[in-house]
Amino acid sequence: MERVAVLDFETTGLSPGMGDRPTEVAIALVEQGRIVERFQSLMNPGRPIPAFVTQLTGISNAMVAAAPPVAEVMREAARFVGALPVVAHNASFDRKFWVAELQRLSLPAEASFACTMLLSRRLYPDCASHKLGALIQTLGLPQTGRAHRAMVDTEMAAHLWCRIRDDVARRWRLPAVSHALLARAQATPKGKLERFFAEQQACEA
DNA sequence: TGCCAGGCCCTCTTTAGGGCCTT
């Protein structure tokens with residue numbers, strides 16, 4: 001059974017290109033529909049956290065002051081993920097921080113990212129909101145704690161990922177729904193999803 | 001000086017604009 005790494009960053013802002021850095025990362029390794037290993041750490045971003053971000057995440061300058069530097073935590077995070085495919089909610093956001101930080105360390109950042117937000121927009125178009133917390137509530141998945149802390153959001157994204165895999169497997173009667181398949185599905189034009197999985201079903205038959 | 005993300009997706013679109021989503 002395939003193992004994937006679900007991850008979430010808390011950061012000082014929205015853009016590494018504008019100098020923003022991570023303040024916390026959480027990673028959950030998911031296999032056979034359950035979390036089998038976890039990694040979580042605060043980190044010192046070396047720049048101030050804006051007050052409104054502290055209000056959003058609960059992560060303060062005082063909390064990260066005693067934390068290890070970003071470089072140290074990201075080396076550990078990269079080791080923990082290894083060559084696994086990655087999953088995140090709005091993965092383009094987490095991916096740009098992942099790539100920016102690993103490039104700073106001259107480490108390879110070639111992981112394939114699947115996005116639970118893009119997949120949810122295709123699979124659950126009737127949901128009023130595709131924010132992580134809203135999807136968890138709408139789909140009746142477990143709420144694991146205070147949103148906008150890395151491990152809580154990671155665990156919610158992990159539950160959502162498992163739900164998406166199950167729903168795709170059931171709806172299109174596919175015996176195996178891989179990360180690679182869903183990474184292709186998330187890039188399929190929204191109106192073409194039925195056809196994409198129907199073709200996949202025909203290949204499996 | 002003042003401003004500053006960026007990718008996806010929809011529509012009153014495609015020679016564009018604006019909402020969603022992440023911190």
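Atoms considered below: every heavy atom in the structure, side chains included; atoms not considered: hydrogens, waters and symmetry mates. Numbers restart at 1 for each chain; the letters A, B, ... are given by sequence-line order, proteins then strands. Being a predicted model, the structure only gives us computed values, none of them experimental.
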J.: Do His89(A) and Thr116(A) have side-chain N/O donor and acceptor atoms under 3.5 Å apart?
T.: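 On atom types as modelled, these side chains qualify, holding a pair under 3.5 Å.
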J.: Please determine, by modelled atom types, if Asp20(A) and Thr11(A) share a side-chain donor-acceptor pair under 3.5 angstrom.
T.: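 No pair is found: no donor N or O on one side chain lies under 3.5 Å from an acceptor on the other.
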J.: Are there any protein N/O atoms within less than 3.5 Å of an N/O atom in nucleotides 16-18 of chain B, and if so, which ones and at what distance?
T.:
none

J.: Please name all residues satisfying ring pair (Phe, Tyr, Trp, His ring centres under 6.0 Å) with Phe196(A), sequence neighbours left out, ordered by chain then number.
T.: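 Here no residue qualifies.
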J.: Anything under 3.5 Å between a protein N or O and an N or O of nucleotides 7-14 of chain B, put it in a table, one pair a line.
T.:
residue: dC9(B); atom: OP1; partner: Arg122(A); partner atom: NH1; Å: 2.5
residue: dC9(B); atom: OP1; partner: Arg122(A); partner atom: NH2; Å: 2.4
residue: dC9(B); atom: OP2; partner: Arg122(A); partner atom: NH2; Å: 3.4
residue: dC10(B); atom: OP1; partner: Lys190(A); partner atom: NZ; Å: 3.4

J.: Sticking with atom C1', work out how far dC3(B) lies from dC8(B), rounded to a whole angstrom.
T.: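 Pairwise C1' distance, dC3(B) against dC8(B), rounds to 24 Å.
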J.: Roughly how many Å apart are dC4(B) and dC10(B), using the P atom of each and rounding to a whole number?
T.: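 Their P atoms lie roughly 27 Å apart.
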J.: Taking salt bridge (charged side-chain N to carboxylate O under 4.0 Å, His left out) as the definition, give me every residue that meets it alongside Arg75(A), ordered by chain and number, with sequence neighbours left out.
T.: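 Partners of Arg75(A) under the salt bridge (charged side-chain N to carboxylate O under 4.0 Å, His left out) test: none.
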J.: Which residues pass the salt bridge (charged side-chain N to carboxylate O under 4.0 Å, His left out) test with Arg3(A), sequence neighbours left out?
T.: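 Checked Arg3(A) against salt bridge (charged side-chain N to carboxylate O under 4.0 Å, His left out); matches are Glu31(A), Glu37(A).
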J.: Each nucleotide N or O in nucleotides 3-5 of chain B that has a protein N or O under 3.5 Å away: list the pair and distance.
T.:
residue: dA5(B); atom: N3; partner: Lys96(A); partner atom: NZ; Å: 3.4

J.: What integer number of Å spans the C1' atoms of dT1(B) and dG6(B)?
T.: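 That atom pair is separated by 25 Å.
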J.: Look at the side-chain N and O atoms of His89(A) and state whether any lies under 4.0 Å from the OP1 or OP2 oxygen of dT22(B).
T.: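 Yes, within the criterion.
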